[in-house]
Amino acid sequence: MSRVEERLNRALARRERRWRPAATPLRRQLVLLELIGAVVGCVGGYLLFIDPVRRFEVTLASRIIDLLGVDRVSGALGDGFIVFGPNLEPVVAEMTGSCSILSSVLALAALAVVALRQRPQALPGFLAAAVFVLAANQVRLLGSLLAGRYFAVDALVFFHDWIGAVLNFAYTLIGLLIMIGLTMYDAQRAEQDRTGRHTADRPAAWARPGLGHRVPVEDTREPGVQIAAVVHRRILPKAVSRRLARRREQRRIDYRVGHETPARRAEIIRELAGKGLGVHTATLLAVASYETDPLVLDTLAGVVAARQWEPVAGGDVIALRLWARAWLMRAPGQRSIAETGRLVAVTGAGGPAGVAVVKALQAAGDHVLALDANPDAAGLRLAGRSAVLPCAGHPGFAEALLAVLEEHRPAALVCTVAEEYAALAPLTPAMDELGVKTWLPDPAAAERCIDKIAFARTMHAAGVPHPATAWTPATLGLVPGPWVVKPARGRGSRDVVLVDDPADLGRAFAAVPGAVVQTRVTGREFTADTLVGPDGTLLACVPRWRDETRGGVSVRGTTFTSVAVTEIVAATLRAVGHTGPANVQGFVADSGDVTVVEVNPRFSGGLPLTLAAGADVVGAYLTAILDPSAPLPTLGFRPGVRMARHFAEVYYTADGTPVADPLDPVTCSVPGFGAARPIAHSPSGPASLQTPSPVRAEQAPAIDQGMFVAVG
């Protein structure tokens, strides 16, 4: 039975091949039919429209003659002209069919229909060419009529028959080129041949890989004087020439890629590479040459490396693979980190906390958009993307921030400046519309932490140990010494004055703007980096000794465990009602008593030590931002981890262009985080935080006196 089926199938296949026409003869038949249709259309159109077109051209030329003020030329005959020469000898110049534009326009129309009908610009291109042919033929007619009017009848005949014939051929050819040029050009699609070279408006020298690896490209330009080259080399200053060249190349990123956002460009790169490296090679090489966004370049290098199984399609593919290898090897120690593809915005990127958050996010595989009000902030150079914003108190802060977020569309925003919370809170709905998620603490809770007077009141009402505090001249004498005088809304140990002599206390209080006076606490100073969940649960508490500080920032420290410190820190955060990251500063006396000095409702400048000890508070915070419903684990840490800070440098020119570090030639867009992160649970365990009730006057009678006495 199977043999019978095989024979029947072979017979049917032979019969099908016999009756099915071959592809080449079928294509020839279609081309022949198109040619016959074009000829019929041209002949039929000529017979139908020649007389109306002749009258139209005669009427148009007569009106132009009248507008020019030339007499003794008339188009009263309708299909011809009456011209009186210099000696008033009359002549009738008939408008024949060969003098009309109809034959040229019909030829252009036939070409547009047959060869260019699939192009969306065919109709505009044809109309532009037809208008040009009409205008050029009018010039020819006017030239002939003026020659007969002012010279002689023979001049009219000579100009029309000889010079006019050359003009007719020239403007028909130019009209054809206009139609083809306008029809074939497409700003949204760069045509490529099978080798990946662009066949549209794209110089061949543009297809070359960048980042130091260049392949020789043949110069296809004809020898001669290049005006643009002379202007750039001989006339313009070198700085201006380089700036214009840089702007030109940035605008010439591939047609289908350059006008998109970085995230969309990365997605397009994946799609183009998925079709094969030999299909869109010129586009991929153009991106490798002139793209500047690390997210797009990382994507390109990754997709090229993932297609090593493809056969080599030419020298361009080899160059592309060599570039991808060089890009991936620029930081071999960090390639083990799987990139998330997310973009996270970080405000206050110039401060120690901002720099630490930028590095932590990049170490986790995220891309960072660094934001700061200082154009020379170091964090702007550490991140892959950056932007300078006005200060939070500036009237244009909101507009500038939303414009930057709309341009880059990060997935989340992390604020490292507590003073920006009040300005960011009203922008939360607008950021949600842009797809930018964030987690800001309660503005009232943040205010209780920022304002040292409100913080002292809150600690007194909650019974949390806090140094005696006064903020009015009348109550300074009630605070026992020695003293510390500092601004009520200061940060970073700015304007902090230590006073030992009571006689100097009043002068110090008057010299510091908006000052508060506190008893100087003795003991060993500590900072506890914390993370409080949205429900008030203390997810992380990492105490560390402040072994050495400079400018209010810890430069040497050691993590430690203490049940007493953890309990006081939890009570402090519970009293102020804060959620999110915070660092609590205080002292541990020789007797073991713990006193809290202040709370900064943000990440601390010593955050790297907390991360090195194993408590990934940045990752947990980002997880809560992106998915508020996700359960957050309690973070442990390793005690006894020490930190010693050192100076680090970034180099850049006046216009912000990065300069290579002479001491570290390896450049990395996602720097790694050096220390391991072993997890050890804190013995204190999680502590639930409850929002305190408002403080009433009868609960704290010392409020009216402008002073609080330490508790405990």
Side-chain angles (χ1 to χ4, degrees), residues 186-200 202-204 206-215 249-331 334-335 337-344 362 365-369 383-385 407-411 435 667-670:
D186 188 353
Q188 301 300 324
R189 181 176 62 183
E191 297 294 327
Q192 294 176 323
D193 56 20
R194 293 184 178 180
T195 64
R197 291 287 184 177
H198 286 279
T199 58
R202 175 65 62 83
W206 205 55
R208 57 185 180 180
L211 298 178
H213 181 82
R214 301 279 180 176
V215 294
E249 296 301 339
Q250 289 175 352
R251 293 176 180 177
R252 283 169 54 182
I253 294 294
D254 190 78
Y255 300 132
R256 76 185 89 193
V257 177
H259 61 284
E260 300 286 354
T261 62
R264 177 58 182 157
R265 292 205 299 272
E267 182 180 350
I268 294 175
I269 290 302
R270 294 190 188 95
E271 296 176 357
L272 296 181
K275 300 177 182 179
L277 301 180
V279 179
H280 299 288
T281 315
T283 300
L284 302 180
L285 286 173
V287 174
S289 299
Y290 302 109
E291 178 63 65
T292 58
D293 193 283
L295 174 62
V296 182
L297 292 174
D298 287 345
T299 301
L300 175 60
V303 296
V304 171
R307 303 189 70 85
Q308 294 297 318
W309 53 268
E310 286 191 14
V312 177
D316 289 341
V317 174
I318 295 177
L320 188 62
R321 287 178 172 173
L322 289 175
W323 169 85
R325 177 177 174 81
W327 180 262
L328 294 175
M329 290 180 64
R330 71 196 190 281
Q334 276 68 32
R335 286 293 107 188
I337 300 174
E339 296 186 5
T340 63
R342 295 181 306 222
L343 178 65
V344 181
Q362 290 179 326
D366 293 311
H367 295 269
V368 177
L369 168 62
R385 278 182 260 180
E407 177 184 358
H408 296 275
R409 296 299 177 101
T667 302
C668 179
S669 66
V670 183

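Values reported hereafter were calculated over all heavy atoms of this structure, with side chains retained and with hydrogens, waters and symmetry mates removed.
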Taking the side chain as C-beta and beyond, is there a heavy-atom pair between [X] and [Y] under 4.5 Å?
X: Asp366; Y: Leu343; result: no
X: Trp323; Y: Ile318; result: no
X: Leu284; Y: Ile269; result: yes
X: Arg385; Y: His408; result: yes
X: Val304; Y: Leu277; result: yes

Go through the structure and list residues passing salt bridge (Lys or Arg N to Asp or Glu O under 4.0 Å) with Arg321, not counting sequence neighbours.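 Scan of Arg321 (salt bridge (Lys or Arg N to Asp or Glu O under 4.0 Å), adjacent residues dropped) gives none.
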Could you grab the distance from atom CZ of Arg270 to atom CG of Leu300, nearest 0.5 Å is fine?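 That separation rounds to 11.0 Å.
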Calculate, to the nearest 0.5 Å, the distance between atoms CD and CG belonging to Glu407 and Leu369 respectively.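 Rounded to the nearest 0.5 Å, the CD-CG separation comes to 8.5 Å.
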Can you give me the closest heavy-atom contact between Ala288 and Leu297, atom names plus distance?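 Between these two residues, the closest heavy atoms are CA-CD2, 4.4 Å.
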